[in-house]
Visitor: 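Below is the structure I would like to discuss, written out as structure tokens.
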Amino acid sequence: MQTPRAFGKQTDYVERTTKVVPGVRDMHRMAGVLLAERVPDGGRVLVLGAGGGMELRALAEMQPSWRFDGVDPSADMLDIARETIGPACDRVTFHEGTIETAPPGPFDGATCLLTLHFLPEADRVRTVSEIQSRLAPGAPFVVAHHSFPTSDAEKEKWLTRFARYSQAASSEKGSGGIDVSAMKDRLPVLSPAQDEDVLHRGGFRDVELFYAALSFRGWIAFKE
């Protein structure tokens, strides 16, 4: 998957993400349902990797009383998020930067969607720990990203499947713009077992899989 900086204007970003990530809109709705099990009315939710704004828009539409803090390192992607979210922007505070720039909380829940697969394992553990430190006790954390077995053969298999899916869903020629070789070399994907271990090491418990779509996996977990 290309990094967010490779996308263009809002309509292009939303259209492309919808095509290349299987069931992404359903995944956002599932995230909203899972968060709502613990996040109260008027709750505050941290959204890491908020550029583009798709999950923020979905969550804001599902829960009109929630407020959000959206964090992303790209000013351009935060601009796209503002456009995507529209009128609900008055319930979102944006922060340009990484997790260290997020307020201390405590937040009632958090998400990090389609983001952690860009980080090496040590940075993931650090990021997950920083999210955990900003949550109220027992608060939910919803995370989803590329996650599959990491042997060379398995990487090739799953990324090729992802590319073929993208091609089938896209009007673009080739593999839907997906460079399998580049992704295999540069994307620090972890296996599902390793990703669950990262959540445990970051201070979360009761890790449960809720989303699996080709090369993507998603989990909900709770602060200790």
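Source: prediction; values computed, not measured. Numbers here are sequence positions counted from 1. Scope of the values below: all heavy atoms of this structure, side chains included, with no hydrogens, waters or symmetry mates.
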Visitor: To the nearest 0.5 Å, what is the distance between CG (Asp195) and CZ (Phe148)?
Guide: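 So the CG of Asp195 and the CZ of Phe148 are separated by 10.5 Å.
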Visitor: Can you list everything that forms a salt bridge (Lys or Arg N to Asp or Glu O under 4.0 Å) with Glu61? Sequence neighbours excluded, please.
Guide: none
Visitor: Indicate, with yes or no, if Leu114 and Val71 share a hydrophobic cluster defined by side-chain heavy-atom contacts under 4.5 Å among Ile, Leu, Val, Met, Phe, Trp and Tyr.
Guide: no
Visitor: When rounded to the nearest 0.5 angstrom, what distance separates OG in Ser215 from CD in Glu154?
Guide: 12.5 Å
Visitor: Using distance alone, with no hydrogens and no angle criterion, decide if Ser191 and Gln194 have a side-chain donor and acceptor under 3.5 Å apart.
Guide: yes
Visitor: With a 4.5 Å cut-off on side-chain heavy atoms, are Asp206 and Ile220 touching?
Guide: no
Visitor: Let me see the working for Arg124 and Arg201 under side-chain contact (heavy atoms from CB on, under 4.5 Å), right down to the final yes or no.
Guide: CA-CA 10 Å; Arg124 292 194 203 196; Arg201 290 159 63 192; over 6 Å; no
Visitor: Keeping the roles fixed (side chain from His117, backbone from His146), state whether a donor-acceptor pair exists under 3.5 Å.
Guide: yes
Visitor: Salt bridge or not for Arg57 and Glu83, using N-O below 4.0 Å?
Guide: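 No, no charged N to carboxylate O under 4.0 Å.
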Visitor: For the pair Thr111 (side chain) and Val47 (backbone), establish whether a donor and an acceptor sit closer than 3.5 Å, ignoring hydrogens and angles.
Guide: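 A pair under 3.5 Å: no.
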Visitor: So do the side chains of His28 and Leu59 get within less than 4.5 Å of each other, counting heavy atoms only?
Guide: no
Visitor: Locate the shortest heavy-atom distance separating Ala110 from Leu135; write the atom from each residue and the value.
Guide: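 Reported closest heavy-atom pair: CB-CD2, 3.8 Å.
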Visitor: Examine distances only and state if a side-chain atom of Thr17 and a backbone atom of Val14 form a donor-acceptor pair shorter than 3.5 Å.
Guide: no
Visitor: Can you name the side chain to side chain donor-acceptor pair (under 3.5 Å) partners of Glu37, sequence neighbours left out?
Guide: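 Testing Glu37 for side chain to side chain donor-acceptor pair (under 3.5 Å), a comparison that skips the adjacent residues, returns none.
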Visitor: Between Val39 and Gly43, which heavy-atom pair has the shortest distance, and what is it?
Guide: CG1-CA, 4.0 Å
Visitor: Working to the nearest 0.5 angstrom, can you tell me the gap between Leu119 CG and Leu187 CG?
Guide: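 It comes to 10.0 Å.
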Visitor: Heavy atoms, side chains only, cut-off 4.5 Å: are Phe118 and His145 in contact?
Guide: no
Visitor: Met27 versus Val24: any side-chain heavy-atom pair under 4.5 Å?
Guide: yes
Visitor: Backbone N or O of Gly42 within a donor-acceptor pair of the Ser65 side chain at under 3.5 Å?
Guide: yes
Visitor: Less than 4.0 Å between a side-chain N and a carboxylate O, is that true for Arg82 and Asp79?
Guide: yes
Visitor: Quick one, Arg16 with Val20, criterion side-chain contact (heavy atoms from CB on, under 4.5 Å). Give me CA distance, side-chain angles, the key distance, then yes/no.
Guide: CA-CA 6 Å; Arg16 181 172 176 80; Val20 304; 4.3 Å; yes
Visitor: Is it true that a side-chain atom of Arg217 and a backbone atom of Phe210 form a donor plus acceptor pair closer than 3.5 Å?
Guide: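 No; zero donor-acceptor contacts below 3.5 Å.
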Visitor: Looking only at heavy atoms, which two atoms of Pro140 and Leu35 are closest? And how far apart?
Guide: CG-CD2, 3.9 Å
Visitor: Can you name the residues that form a salt bridge (Lys or Arg N to Asp or Glu O under 4.0 Å) with Arg134, not counting sequence neighbours?
Guide: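 Salt bridge (Lys or Arg N to Asp or Glu O under 4.0 Å) list for Arg134, sorted by chain: Glu130.
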Visitor: Using 0.5 Å steps for rounding, measure from the OG1 atom of Thr98 to the CG atom of Leu48.
Guide: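 Answer for the OG1-CG pair, Thr98 versus Leu48, is 8.0 Å.
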Visitor: So Lys184 and Asp152, do their side chains get closer than 4.5 Å, heavy atoms only?
Guide: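 Yes; the side chains approach each other to less than 4.5 Å.
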Visitor: Within the 4.5 Å heavy-atom criterion, are Thr160 and Glu156 side-chain neighbours or not?
Guide: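 Of all side-chain heavy-atom pairs linking Glu156 with Thr160, at least one is under 4.5 Å.
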Visitor: What about Phe204 and Phe141, are their ring centers closer than 6.0 Å?
Guide: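 Ring centres of Phe141 and Phe204 closer than 6.0 Å.
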Visitor: Is there a donor-acceptor contact under 3.5 Å from the side chain of Arg38 to the main chain of Asp108?
Guide: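 No; zero donor-acceptor contacts below 3.5 Å.
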Visitor: Kindly indicate whether the side chain of Glu96, heavy atoms from C-beta on, has any atom under 4.5 Å from the side chain of Thr101.
Guide: no
Visitor: Salt-bridge test for Glu55 and Arg25: reply yes if a basic N is under 4.0 Å from a carboxylate O, no otherwise.
Guide: no
Visitor: Do you know which two heavy atoms are closest between Lys155 and Thr150, and how far apart they sit?
Guide: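 That closest heavy-atom pairing would be CE-O, 3.6 Å.
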Visitor: Quick one: do Met54 and Leu34 end up in the same hydrophobic cluster if we chain Ile, Leu, Val, Met, Phe, Trp and Tyr together by side-chain heavy atoms under 4.5 Å apart?
Guide: yes
Visitor: Under 4.5 Å between side-chain heavy atoms, counting indirect links through other Ile/Leu/Val/Met/Phe/Trp/Tyr residues: same cluster for Leu190 and Leu113 or not?
Guide: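 Different clusters.
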Visitor: Checking Glu196 now: which residues fulfil side chain to side chain donor-acceptor pair (under 3.5 Å) with it, not counting sequence neighbours?
Guide: Trp219
Visitor: So do the side chains of Leu56 and Arg91 get within less than 4.5 Å of each other, counting heavy atoms only?
Guide: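 In short, these two side chains do not touch, never coming nearer than 4.5 Å.
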Visitor: Please list, chain by chain and in numerical order, all residues satisfying ring-ring contact (aromatic ring centres under 6.0 Å, His included) with Phe68, sequence neighbours excluded.
Guide: none
Visitor: Kindly write out the residues that satisfy side-chain contact (heavy atoms from CB on, under 4.5 Å) with Asp69, not counting sequence neighbours, or none if the list is empty.
Guide: Arg44, Leu46, Thr93, His95, Pro103, Phe107
Visitor: Could you tell me which non-hydrogen atom of Tyr211 sits nearest to which non-hydrogen atom of Leu209, and how far apart they are?
Guide: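 So the two residues come closest at O-CD1, 3.5 Å.
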Visitor: To the nearest 0.5 Å, what is the distance between CE (Met30) and CG (Asp26)?
Guide: 5.5 Å
Visitor: Output, in order, the C-alpha distance, side-chain angles, deciding distance and verdict of ring pair (Phe, Tyr, Trp, His ring centres under 6.0 Å) for Phe162 and Phe216.
Guide: CA-CA 9 Å; Phe162 168 58; Phe216 294 91; 5.5 Å; yes
Visitor: How far apart are the closest heavy atoms of Ile131 and Ile99, and which atoms are they?
Guide: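 Minimum heavy-atom separation between Ile131 and Ile99: CG1-CD1, 3.8 Å.
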Visitor: Supply the atom-to-atom distance Arg205 CZ to Gln132 CD, rounded to the nearest 0.5 angstrom.
Guide: 10.5 Å
